[in-house]
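All residue numbers refer to positions in the sequence shown, counting from 1. Values below: every heavy atom of this structure, side chains too, minus hydrogens, waters and symmetry copies.
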Amino acid sequence: MTGLKTILMIDDDETHHMSLGKALTQHVDVGIISKLSGRDGLLALQSDANRDIGLVLLDLEMPVMDGLETLTLIREQYPVLPVIILSATRDVEKATTALNMGAKDFLAKPVAPDRLVVSIRNALTMAGMERQVDRLQAERDNRFGFDRLIGHAGGLSDSVVLAKKAAGSSAPVLITGETGVGKDVFARAIHGESARAGKPFIPVNCGAIPVNLVESTLFGHEKGSFTGAIQKTLGVFREAQG
């Protein structure tokens with residue numbers, strides 16, 4: 001399964017952990033992290049050591065913190081993380097509630113490994129489509145934030161901390177780096193988390209502007225002001241106003 005490295009299984013039945021985990025790894029090449037309670041499952045998600053978790057298998061009937069309560073907290077803290085419910089209960093109302101809360105599927109125990117694999121594939125596809133829609137809407141609304149950056153490890157974490165400070169100020173920001181390292185992405189994230197979020201974000205490739213068009217590109221021009229000026233143009237400074 002493309003991109004899926006680790007599955008988190010939250011279930012108070014230790015025997016079920018062992019049997020399903022073993023069967024699942026025979027069908028797909030993924031790691032399994034097993035936790036016996038909702039609280040321990042949430043702690044596993046919060047651990048930096050478990051950043052590869054790409055999907056959660058969650059039991060409903062658990063003591064102290066049941067599946068619906070755990071699902072609520074997962075949805076609040078990790079809204080795009082796909083969750084599949086596995087439960088021995090045949091309670092239609094609980095199943096409907098879980099699906100309305102954002103679970104991708106509800107499977108009754110015992111579940112056949114091949115059926116679970118199909119469910120996992122579908123959940124990952126749906127989650128990928130949702131992330132794409134969310135990203136496009138954020139870009140459309142000029143609200144692309146740091147939470148959409150992939151991989152906050154090593155030096156990138158330090159850069160994100162510094163960039164967040166820049167987003168909180170009104171000072172001009174200079175971002176340097178080689179081609180392809182993500183300068184434009186960082187610029188969008190700074191803009192998206194600044195007081196100007198939602199206002200126009202206008203990227204300009206200065207190197208691609210012919211020298212004789214620099215002035216009109218930046219400051220605009222009136223229709224007919226020079227050969228080829230077939231319409232009035234505001235210029236990028238006016239377009240980026242605010």
Side-chain angles (χ1 to χ4, degrees), residues 1 3-25 27-135 145-148 150-152:
M1 296 183 187
L4 181 60
K5 296 181 180 179
T6 305
I7 291 175
L8 173 62
M9 190 184 304
I10 306 175
D11 192 327
D12 64 328
D13 186 342
E14 206 162 355
T15 302
H16 184 253
H17 276 283
M18 296 175 61
S19 60
L20 186 60
K22 182 177 180 181
L24 190 56
T25 52
H27 287 74
V28 290
D29 183 20
V30 294
I32 304 289
I33 295 176
S34 298
K35 296 298 176 181
L36 298 174
S37 71
R39 184 173 289 107
D40 288 344
L42 288 167
L43 289 174
L45 286 172
Q46 292 163 3
S47 171
D48 287 340
N50 298 326
R51 287 189 175 275
D52 288 338
I53 293 175
L55 183 135
V56 176
L57 300 179
L58 177 63
D59 183 31
L60 275 189
E61 305 300 326
M62 295 186 293
V64 184
M65 182 186 291
D66 68 11
L68 291 181
E69 186 178 353
T70 304
L71 178 60
T72 299
L73 294 173
I74 292 175
R75 296 261 57 82
E76 288 176 357
Q77 298 175 32
Y78 309 94
V80 298
L81 181 65
V83 178
I84 295 174
I85 301 295
L86 302 180
S87 181
T89 181
R90 298 297 198 275
D91 190 327
V92 175
E93 185 176 345
K94 278 192 174 182
T96 302
T97 299
L99 293 172
N100 287 338
M101 289 171 61
K104 300 303 181 189
D105 204 352
F106 187 103
L107 303 177
K109 295 180 184 177
V111 58
D114 55 346
R115 170 65 181 88
L116 179 56
V117 169
V118 171
S119 179
I120 291 173
R121 292 186 189 279
N122 290 340
L124 292 174
T125 299
M126 291 170 60
M129 293 173 65
E130 288 169 0
R131 281 193 291 268
Q132 178 72 355
V133 170
D134 184 52
R135 183 185 66 80
F146 292 103
D147 58 327
R148 289 175 172 79
I150 299 174
H152 286 203

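Residues Met101 and Val83 are not in side-chain contact: their nearest non-hydrogen atoms beyond the backbone lie 4.5 Å or more apart. The closest side-chain heavy-atom distance from Thr70 to Leu58 is below 4.5 Å. Counting heavy atoms from C-beta on, the side chains of Leu116 and Leu57 come closer than 4.5 Å. With a 4.5 Å cut-off on side-chain heavy atoms, Leu81 and Leu8 do not count as touching. The shortest distance between side-chain heavy atoms of Leu60 and Leu86 does not fall below 4.5 Å. Residues Ile7 and Ile33 form no side-chain contact, since every pair of their non-hydrogen atoms from C-beta on lies 4.5 Å or further apart. Looking at heavy atoms from C-beta onward, Lys35 lies out of side-chain contact with Leu42 at the 4.5 angstrom threshold.
Listed by chain and number, the residues in a side chain to side chain donor-acceptor pair (under 3.5 Å) with Lys94 are Glu61 (sequence neighbours excluded). Residues satisfying the side chain to side chain donor-acceptor pair (under 3.5 Å) criterion with Asp40, sequence neighbours excluded, are Ser37. Residues forming a side-chain contact (heavy atoms from CB on, under 4.5 Å) with Ala123 (at least two apart in sequence, or on another chain): Leu55, Pro82, Ile84, Lys104. Not a single side chain to side chain donor-acceptor pair (under 3.5 Å) links Ser87 to another residue, sequence neighbours left out.
Residue pairs satisfying the salt bridge (charged side-chain N to carboxylate O under 4.0 Å, His left out) criterion with at least one member in residues 106-118, sequence neighbours excluded, are listed as follows: Asp11-Lys109, Asp59-Lys109, Asp105-Arg115. Applying the side-chain hydrogen bond (donor to acceptor under 3.5 Å, both in side chains) test to every pair with at least one member in residues 72-86, sequence neighbours left out, gives these pairs: Gln46-Gln77.
Closest non-hydrogen pair, Arg39 versus Val64, comes out as NH1-CG1, 3.7 Å. Listed here is the closest heavy atom pair of Ile10 and Gly41: CD1-CA, 3.7 Å. Shortest non-hydrogen contact noted between Leu107 and Val111 is CD1-CG2, 3.9 Å.
Note: Ile53 CD1 to Met9 CE = 12.0 Å, rounded to the nearest 0.5 Å.
Under the 3.5 Å distance criterion, the side-chain polar atoms of Ser47 are left unmatched by any main-chain donor or acceptor of Ala44. When atom types are taken as modelled, the side chain of Asp66 and the backbone of Met62 share no donor-acceptor pair closer than 3.5 angstrom.
Sparse packing is recorded around CE of Met18, with 12 or fewer heavy atoms of other residues, nucleotides or ligands lying under 6.0 Å away.
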